[in-house]
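Okay, structure first, notes after.
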Amino acid sequence: MPRHVRVRRVRTVIRAEVAALFAALTPDVVDSVPEIPDEAARAASRWLMLAEATGTGGGRARGWVTGSDAYGMTAVIAVEGARRLAADGAPAGTLAPAQAFDPAGFLDHLTTHGVTWQVTPA
């Protein structure tokens, strides 16, 4: 949880089949995985991040972001972050991305690369 968000508790969830895959990883399996998946596998992949928050007054919100090709999107995010830092600057020190950049503006930029996002009351 970024340090700029005051929280009392954080819970994380992962799909059981994904957890089982990670639990079964051995050094041999890790060494057998290519460093970068081929273009077809990257294009076919999908990812989703979901967050739910409950405020101290009991109000709830849910946000999600989804897209394809996590490898390619990581590059887009890194380049856009560097571009924004060079163009707009940021406060000194170590920052969470949401502290350095307007989150909605950053996510809106990613929509030009096939990302979809939404935050709503839950």
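The basis for the numbers below is simple: all heavy atoms, side chains too, and nothing from hydrogens, waters or symmetry mates.
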Closest contact, heavy atoms only, [X] versus [Y]:
| X | Y | answer |
| --- | --- | --- |
| Ala90 | Leu95 | CB-CD1, 4.0 Å |
| Trp47 | Ser68 | NE1-O, 3.3 Å |
| Thr111 | Asp108 | OG1-O, 2.5 Å |

Any non-hydrogen side-chain atom of Arg62 less than 4.5 Å from a side-chain atom of Gln118?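 No, side chains not in contact.
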With a 4.5 Å cut-off on side-chain heavy atoms, are Pro37 and Tyr71 touching?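 Yes, side chains in contact.
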Under 4.5 Å between side-chain heavy atoms, hopping through other hydrophobics if needed: is there a path connecting Leu48 to Val115? no
Would you say Leu85 ends up clustered with Leu107 if hydrophobic residues are merged whenever their side chains have heavy atoms under 4.5 Å apart, either directly or through other cluster members? yes
Once you round to the nearest 0.5 Å, how far does [atom1] of [X] lie from [atom2] of [Y]?
| X | Y | atom1 | atom2 | answer |
| --- | --- | --- | --- | --- |
| Leu25 | Asp31 | CG | CG | 11.0 Å |
| Thr66 | Met49 | OG1 | CE | 9.0 Å |
| Arg60 | Thr120 | CZ | OG1 | 10.5 Å |
| Glu52 | Trp64 | CD | CH2 | 13.5 Å |

Spell out, as yes or no, whether a donor-acceptor pair under 3.5 Å connects the side chain of Glu80 to the backbone of Ile77. no
Above 12 or not: heavy atoms from other molecules or residues under 6.0 Å from CZ of Arg15?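 Not more than 12 within 6.0 Å, no.
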